[in-house]
Visitor: 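Handing you a structure now.
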Amino acid sequence: MMVILKTKNELQLMQKAGAITAAALHAGGAAVKPGVTTKEIDKIIHDYIVSHGAVPSFLGYGGFPASACISVNDEVIHGIPGNRVLQEGDIVSIDVGAKINGYHGDSAYTFPCGKIDAETQKLLDGTKKSLENAIAQAVVGNRLGDISYAVQSTVEPMGLSVVREYVGHGVGRDLHEAPEVPNYGTAGRGIRLAAGMVLAIEPMINAGGWPIKVLGDGWTVKTRDGKMSAHFEHTVAITQNGPVILTELK
Ligand code: MG
Ligand code: MG
């Protein structure tokens, strides 16, 4: 599959999609509190996206029934919002996509619900740091494997593990474009990064082992060992001036 390079004009359009995605994600995150249901958070995100003239990228995608994926504790990704009531000490991974002017933004963040324990905080800090380190490698002339290696080499020394079955991706007119962006790999390997590539870089990191399972609902991905999982994602443009995070909260 071809990697589609975006023009400067397209990157400007993607800035808009990214800004709405980020604001919707963090509006949902601000609502994460004990006693709130995941369905209520999804509604906040949905309403934000629609009221800003955009379309929720995930609603109806492959039949997904909501605007945000909301995955709690040992749920890794693709959690379906519903009547689950959040509890003190939970972690809540929210993944949001918004499309406007023909282009998608895609971003995720794991929010703590009230006070969380030290081990879980370490998982969030490590996952967030792995995304930062990966973005720093998203520069012209590097290889795709430099991004993958940055994630893996950040979290594994912390005793955390990298989910293998799900990966990041190119993003643009389609929510999922080439190339795949694994969160594990070898530095110096893979395609060369070029100006105009836009990548959704999204480490999915487990506190325990990396094996996962998909629940009977056909969507929710959980850790096999029942330990916590975190997910941070940004849509990142590779430019001659370095990486530009299109989904940074303004
Ligand atoms: Mg996402
Ligand atoms: Mg994504």
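Both ligands and their constituent atoms are indexed starting at 1 by order of listing.
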Visitor: Going only through I, L, V, M, F, W and Y residues with side-chain contacts under 4.5 Å, is there a path from L199 to V244?
Guide: no

Visitor: Report the atom name of the nearest N/O/S atom of H169 relative to the Mg ion (ligand 2).
Guide: NE2

Visitor: Under 4.0 Å between a side-chain nitrogen and a carboxylate oxygen: does that hold for E119 and K227?
Guide: no

Visitor: Determine, using ring centers only, whether H78 and Y166 are less than 6.0 Å apart.
Guide: yes

Visitor: For the Mg ion (ligand 2), which N, O or S atom of D106 is at the shortest distance?
Guide: OD2

Visitor: What's the atom name of the N, O or S in E202 nearest to the Mg ion (ligand 2)?
Guide: OE2

Visitor: Kindly report the OD1-the Mg ion (ligand 1)-OE1 angle for D95 and E233 respectively, rounded to 10°.
Guide: 100°

Visitor: Would F111 and H26 count as a ring-ring contact (aromatic ring centres under 6.0 Å, His included) here? Give the steps.
Guide: CA-CA 9 Å; F111 297 92; H26 287 274; 5.5 Å; yes

